Enquirer: 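Can you keep this structure in mind? I'll have questions shortly.
In what follows, chains are A, B, ... by sequence order, proteins preceding strands, each numbered from 1. Just so it is clear, the structure is predicted and the values come from calculations on it, not from any experiment.
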Amino acid sequence: MNERYDFSTVESKWQARWEKDGLFRSGQRPTAPKKYVLEMLPYPSGKMHMGHVRNYLLGDVYARYYAMRGHDVIHPMGWDAFGLPAENAAIKEKVHPAVRTQENIVFFKQEMISLGYAYDWSKEINTSEPGYYRWNQWFFLKMLEKGLVYRRFSRVNWCTGCLTVIANEQVKDGNCERCDSKVIDKEMPEWAFRITRYSDALLEGLDHLKQWPERITSMQRNWIGRSEGVEAEFPLDGREGSIRIFSTRIDTVHGATYVVIAPGDRAVQLATPEERPRVQEFVEEMARLSKTERAGEMTEKRGVFTGAHAVNPFTHQRIPIWTANFVLAEYGTGAVMAVPAHDVRDFEFAKKYGLPIKIVLKRPTGETLAVPETVEQVFVDDGVLVDSGDYTGLSSAEARAKEGVFLELNGKGKRTVTYRQKDWGFSRQRYWGTPIPIVYCDRCDPKREGTPVPEWDLPVRLPEIETEQVLTGKGEPPLAKVPSFLHTTCPKCGGPATREVETMDTFVDSCWYYARYLSPQYDRAPFDPAEARRWLPVDIYVGGPEHAVMHLLYFRFWSRVMKELGLSPTDEPVTRLVTQGIVNGPDGRKMSKRWGNVVTPAVIVKRYGADTARTYVLFAGPPERDFDWSDEQVEGAHRFLKRVWTLAYHHRAACAAAGDPETVPAERFTGRSLEMRRAAHKCVKRVGEAIERLSFNTAIAGIMELVNALYAFEAPKTPEEEVAMGEAVRLLAAVLTPFAPHVSDEIGEAYGATGSTVREGWPDYDPALVVDDVLPYAVQVNGKLRGEIKVPAHAAEDEVRAAAESDDKVKTALSGKTVRKVVFVPKRLINFVVS
RNA sequence: GGGCGAGUGGCGGAAUUGGUAGACGCGCCGGACUUAGGAUCCGGUACCGCAAGGUGUGAGGGUUCGAGUCCCUCCUCGCCCACCA
């Protein structure tokens with residue numbers, strides 16, 4: 001090592017060496033315990049930002065630490081290469097998405113290498129390659145066989161300007177965020193995964209994910225939105241048929257004074273001839289609006305009377321049937337019983353249209369309720385039933401049970417469960433995605449339900465295209481404009497047929513990529529089941545919390561499917577999940593070109609080196625917390641590494657000559673040399689424990705303390721002190737490795753290591769050196785701190801008490817008082833309770 | 001409206017099971033070395049107070065010998081979901 005800390009030379013030297021030595025290849029220790037460390041694979045945009053840096057660092061520290069502890073670690077990286085941004089860029093810049101994506105990958109990978117990440121690049125994958133996406137198609141076929149894929153007509157967001165389906169996220173105030181045109185609902189065919197078949201399993205599985213942040217599991221619970229209730233038939237008055245409603249509060253049924261159904265054809269059919277024109281008009285108006293416009297919470301409740309009446313099955317009263325915007329066709333049965341006395345929405349609507357309000361509950365305390373005047377007065381909690389026939393006097397819970405049974409016995413309904421979660425529609429009218437392996441043949445399949453492409457014909461490749469002609473952002477899906485792709489032969493009859501021109505949602509790609517890493521070249525299945533048995537589930541997964549209910553739910557679903565297909569051994573893909581916080585700009589705002597507050601990793605690496613960037617980002621705060629970038633703190637991290645460097649450089653010659661502590665009898669270490677050894681060994685213990693808890697900021701703080709302590713010792717004066725210093729620096733280099741691996745390796749080498757400190761392993765601390773023989777005790781009087789005493793570690797209560805009582809300040813505090821009780825906490829404190 | 005987090009010095013943040021609040025870093029103040037320093041090293045730094053001492057973890061109560069930590073009420077901020085019956 002040189003006197004000057006020349007980070008760029010040191011970093012490129014070790015990066016090259018790690019790659020050459022295959023330091024981070026997995027499978028090197030087949031008999032050791034495995035550790036699968038994974039970070040969410042990136043969409044390869046042009047440049048890395050600090051969020052990426054932090055994300056990958058959190059996994060990297062963990063991977064390096066466990067590699068040092070002798071685990072067989074797999075830590076792979078790849079590219080989520082399909083997606084809309086590349087296609088939009090292609091439309092704008094007229095460059096094929098594959099070309100642009102490849103450029104980005106090269107750039108991105110270079111930045112990753114420059115940050116010193118410990119990836120096994122032999123496992124690299126790219127989801128846009130046929131070798132990868134053919135297995136998306138394979139899964140599609142398997143899931144089609146199992147009924148987990150189906151074709152449906154569904155209501156989607158259709159942009160009237162772009163002439164395409166867009167995602168909910170792309171709709172802003174009912175308009176398209178790109179072209180600002182109006183977005184409407186459109187019924188169109190699409191392919192969907194029957195994820196709702198797994199709703200209960202996914203929900204139940206959350207209970208076992210003890211090492212996932214509760215924030216994420218609760219969001220998934222919410223998203224799945226399981227609610228238990230009943231479906232009940234409300235017979236139509238004066239004609240055949242009935243309306244089936246869903247309610248979680250059947251205990252309030254005696255207060256149901258009207259029924260509301262979602263605006264749609266059914267409402268029109270129900271309407272009496274006199275009311276029909278108005279109902280028709282209302283339904284048509286609603287159909288023209290987007291979901292948010294029609295039924296967003298901001299939207300005022302509106303509705304019309306159908307003229308028809310239903311009969312409340314419990315009260316036998318005749319109640320009016322309305323149709324209104326606040327009832328959603330897609331949830332429950334698309335119809336509700338309205339109980340204005342005990343439901344806020346029903347109350348507002350009843351107030352507006354003058355519908356009757358009937359109290360059927362009193363408070364659990366027995367207090368009776370008055371008819372509410374305002375929304376705030378509406379009693380919506382469980383209570384005790386009043387004015388409810390045979391059920392009067394029951395609690396809400398009892399009533400729900402009995403009324404449910406009544407409905408079932410009389411064939412008027414049933415207890416049931418409803419979910420908020422919907423099936424996952426994955427058809428996209430895009431080019432840059434996985435083609436859906438389906439063919440339409442007019443002869444074999446006149447209803448156009450789709451004929452699957454046989455497994456042996458996979459992959460259905462994305463065709464080569466003339467970018468400018470095909471990717472226009474207008475008209476039909478791009479693949480419909482490529483005749484060579486579109487026209488094919490029917491797998492059944494061999495006659496002329498056309499291919500499905502839609503592609504898959506890119507969330508399909510990320511459902512199983514973590515398993516593909518295990519055997520990226522495997523060509524008999526998506527991955528090698530033997531490797532899956534060795535490595536799955538993933539031990540730790542790091543990524544942003546924004547994926548809580550998309551990717552993190554989808555891949556839990558997929559994981560279950562893979563198990564059923566006999567590919568994977570586990571239901572759950574990931575044991576421990578870490579969701580990292582956001583790196584904001586120095587001004588506390590989200591980093592953005594708009595604010596001019598973007599700090600790029602490349603600039604920081606160039607100015608301070610990767611080790612400084614790593615140390616700073618990890619030291620800035622706990623992983624899950626957001627933090628604001630701070631240039632001063634970066635300087636601080638850099639200063640720390642310079643101190644480490646100077647210390648190691650300064651002592652290297654003397655320490656090399658002095659040798660190992662093992663060569664010196666333990667009793668020769670006394671005074672300063674013993675203190676040095678204690679400081680170093682305590683640091684090893686502390687840092688290891690902190691890393692396992694993912695408390696990287698305190699791990700680094702612990703290393704800083706050791707460095708400060710070693711500076712305080714100044715120059716070693718005896719051979720023992722030289723030995724102790726040498727040991728301390730070697731231990732320092734070891735514990736610093738996960739954070740600042742380049743500096744650590746350079747120091748390690750100067751202190752006699754033959755290769756990377758990763759190969760040297762994580763050091764064991766000497767248990768005898770991490771316990772003190774004199775301990776500080778806090779002395780309290782009535783719980784207030786009155787003094788601090790130093791006592792031999794093995795001292796018993798009476799010795800500590802005697803020492804405490806002889807302390808001057810304690811004496812003063814105790815004088816003239818009677819000791820009622822003494823609380824003694826070994827190794828911590830003694831508290832005199834006096835009066 | 002519902003769910004989940006979080007409130008600790010000037011700032012980022014520490015504090016295994018309730019046990020010396022403020023580790024570590026930044027900033028600031030002082031000193032050393034220097035022609036010089038925005039380099040480096042050493043010291044100080046929660047608040048009030050000259051001091052003795054007192055006060056302090058969003059607010060208010062409670063449990064306890066002892067509460068940042070546990071319980072209750074409330075306030076503020078953030079995120080997610082949201083007319084889901």
Enquirer: Which of these, A:Tyr649, A:Tyr608, A:Trp645, A:Phe640, sits in a ring-ring contact (aromatic ring centres under 6.0 Å, His included) with A:Tyr5?
Expert: A:Trp645
Enquirer: Is there a Watson-Crick or G-U wobble partner for B:C4 with both distances under 3.5 Å, and if so, which one is it?
Expert: B:G78
Enquirer: What integer number of Å spans the P atoms of B:C28 and B:C33?
Expert: 23 Å
Enquirer: I want to check one thing: is the phosphate of B:G13, taken as OP1 and OP2, less than 4.0 Å away from some side-chain N or O of A:Arg625?
Expert: yes
Enquirer: Please determine if a side-chain N or O atom of A:Arg639 lies less than 4.0 Å away from the OP1 or OP2 oxygen of B:C26.
Expert: yes
Enquirer: Which base sits across from B:G49 as a Watson-Crick or G-U pair, both distances under 3.5 Å?
Expert: none
Enquirer: Any donor-acceptor pair under 3.5 Å linking the side-chain atoms of A:Thr333 with those of A:Glu231?
Expert: no
Enquirer: Checking understanding here: a glycosidic angle within 90° of 0 is syn, the rest anti, so what is B:G25?
Expert: anti
Enquirer: Using a heavy-atom cut-off of 4.0 Å across all strands, would you classify A:Asp626 as base, sugar-phosphate, or nothing?
Expert: sugar-phosphate
Enquirer: Could you go through the side chain to side chain donor-acceptor pair (under 3.5 Å) check for A:Thr812 and A:Ser815 one step at a time?
Expert: CA-CA 5 Å; A:Thr812 319; A:Ser815 71; over 6 Å; no
Enquirer: Any idea which of B:C24, B:U20, B:A14 is nearest the A:Met704 side chain?
Expert: B:C24
Enquirer: B:C41 pairs with which nucleotide, Watson-Crick or G-U wobble, both distances below 3.5 Å?
Expert: B:G31
Enquirer: Would you say a side-chain N or O of A:Arg828 is under 4.0 Å from OP1 or OP2 of B:U17?
Expert: no
Enquirer: Touch check for A:Val833, heavy atoms < 4.0 angstrom, all strands: base, sugar-phosphate only, or nothing?
Expert: sugar-phosphate
Enquirer: Extract from the structure each pairing of a protein N or O with an N or O of nucleotides 48-56 of chain B at less than 3.5 Å, listing the distance.
Expert:
residue: B:G54; atom: OP2; partner: A:Arg786; partner atom: NH1; Å: 3.4
residue: B:U55; atom: OP2; partner: A:Lys784; partner atom: NZ; Å: 3.3

Enquirer: For A:Ser630, answer base if it contacts any base atom (sugar-phosphate contacts may also be present), sugar-phosphate if it contacts only those atoms, and nothing otherwise; contact means non-hydrogen atoms under 4.0 Å.
Expert: nothing
Enquirer: Could you give the distance separating B:G7 and B:G56 at their C1' atoms, to the nearest angstrom?
Expert: 16 Å
Enquirer: So, is A:Arg215 close to the B:A6 phosphate, meaning a side-chain N or O under 4.0 Å from OP1 or OP2?
Expert: no
Enquirer: For A:Val549, report the nucleic acid contact type (base, sugar-phosphate, nothing); a contact means any heavy atom under 4.0 Å.
Expert: nothing
Enquirer: Give A:Pro213 one of three labels, base, sugar-phosphate or nothing, depending on what nucleic acid heavy atoms sit under 4.0 Å from its own.
Expert: nothing
Enquirer: Using the C1' atom as the reference point in each nucleotide, state the distance between B:C41 and B:G54 in Å, no decimals.
Expert: 37 Å
Enquirer: Rounded to whole angstrom units, what separation is found between the CG atom of A:Asp343 and the C1' atom of B:G2?
Expert: 14 Å
Enquirer: Mind checking the C1' distance from B:A67 to B:G61? Whole angstroms is fine.
Expert: 14 Å
Enquirer: Sticking with atom P, work out how far B:C29 lies from B:C80, rounded to a whole angstrom.
Expert: 41 Å
Enquirer: Check whether the side chain of A:Asn831 and the base of B:C65 form a donor-acceptor pair under 3.5 Å.
Expert: yes
Enquirer: Choosing from B:C83, B:U20, B:G25, which nucleotide comes nearest the side chain of A:Phe326?
Expert: B:C83
Enquirer: Measuring only the C1' atom in each nucleotide, how far is B:U69 from B:G19? A whole number of Å is fine.
Expert: 11 Å
Enquirer: May I ask you to verify whether the side chain of A:Gln633 and the base of B:G25 hold a donor-acceptor pair under 3.5 Å?
Expert: yes
Enquirer: Closer than 4.0 Å, any side-chain N/O of A:Asn708 to the OP1 or OP2 of B:A23?
Expert: no
Enquirer: Could you measure between the two C1' atoms, the one in B:A46 and the one in B:G27, and give it in whole Å?
Expert: 15 Å
Enquirer: Look at the side chain of A:Lys301 against the base of B:C83 and say whether a donor-acceptor pair falls under 3.5 Å; ignore hydrogens and angles.
Expert: yes
Enquirer: Does B:C83 have its OP1 or OP2 closer than 4.0 Å to a side-chain nitrogen or oxygen of A:Asn325?
Expert: no
Enquirer: Remember a base hit wins even if backbone is also touched, and classify A:Tyr711 as base, sugar-phosphate or nothing at under 4.0 Å, heavy atoms.
Expert: sugar-phosphate
Enquirer: Just call it for A:Glu214: base, sugar-phosphate, or nothing, with non-hydrogen atoms closer than 4.0 Å on any strand.
Expert: sugar-phosphate
Enquirer: Between B:C79 and B:G25, how far is it from one C1' atom to the other, in whole Å?
Expert: 28 Å
Enquirer: Considering only NZ, NE, NH1 and NH2 on the basic side and carboxylate oxygens on the acidic side, decide whether A:Arg400 and A:Glu228 come within less than 4.0 Å.
Expert: no
Enquirer: Touch check for A:Gln780, heavy atoms < 4.0 angstrom, all strands: base, sugar-phosphate only, or nothing?
Expert: base
Enquirer: Taking the nucleotide of RNA chain B with the nearest heavy atom to each, does A:Gly621 or A:Ile700 sit closer to the 5' end?
Expert: A:Gly621
Enquirer: Taking the side chain of A:Phe619 as its heavy atoms from C-beta onward, which of B:G25, B:C42, B:U20 lies nearest to it?
Expert: B:G25
Enquirer: Does NZ or CZ of A:Arg420 come closer than 6.0 Å to the centre of the six-membered ring of A:Trp223, within 45° of the ring's axis?
Expert: yes
Enquirer: How many angstroms lie between OH in A:Tyr777 and CZ in A:Phe824, if you round to the nearest 0.5 Å?
Expert: 3.5 Å
Enquirer: What nucleotide among B:A14, B:G19, B:C42 has an atom nearest to a side-chain atom of A:Leu829?
Expert: B:G19
Enquirer: Is the shortest heavy-atom distance from the side chain of A:Val810 to the side chain of A:Ile789 under 4.5 Å?
Expert: no
Enquirer: Would you call A:Arg345 and A:Asp343 a salt bridge, taking side-chain N to carboxylate O under 4.0 Å as the test?
Expert: yes
Enquirer: Rounded to whole angstrom units, what separation is found between the CE atom of A:Met219 and the P atom of B:G78?
Expert: 17 Å
Enquirer: Judged by each residue's nearest nucleotide on RNA chain B, which is more toward the 5′ side, A:Lys821 or A:Arg345?
Expert: A:Lys821
Enquirer: State the pairing partner of B:U16; accept Watson-Crick or G-U wobble contacts with both distances under 3.5 Å, and report none otherwise.
Expert: none
Enquirer: Nearest whole angstrom, please: distance from the P of B:C24 to the CG of A:Leu736.
Expert: 18 Å
Enquirer: Reckon A:Phe627 touches a base, only the sugar-phosphate, or nothing at all at heavy-atom distances under 4.0 Å?
Expert: nothing
Enquirer: Is it true that A:Lys685 and A:Glu689 make a salt bridge, defined as a side-chain N closer than 4.0 Å to a carboxylate O?
Expert: yes
Enquirer: Counting only side-chain nitrogens and oxygens, does A:Arg420 get under 4.0 Å of the OP1 or OP2 atom of B:A82?
Expert: yes
Enquirer: As a quick check of understanding, evaluate side chain to side chain donor-acceptor pair (under 3.5 Å) for A:Gln220 and A:Arg556, giving each step before the final call.
Expert: CA-CA 11 Å; A:Gln220 292 208 352; A:Arg556 292 184 58 226; 2.7 Å; yes
Enquirer: Among B:C65, B:G3, B:U40, which nucleotide sits nearest the side chain of A:Lys642?
Expert: B:U40
Enquirer: Which of the following nucleotides, B:A23, B:G19, B:C84, is nearest to the side chain of A:Val823?
Expert: B:G19
Enquirer: Under the salt bridge (charged side-chain N to carboxylate O under 4.0 Å, His left out) rule, collect the residues that match up with A:Asp611, sequence neighbours excluded.
Expert: none
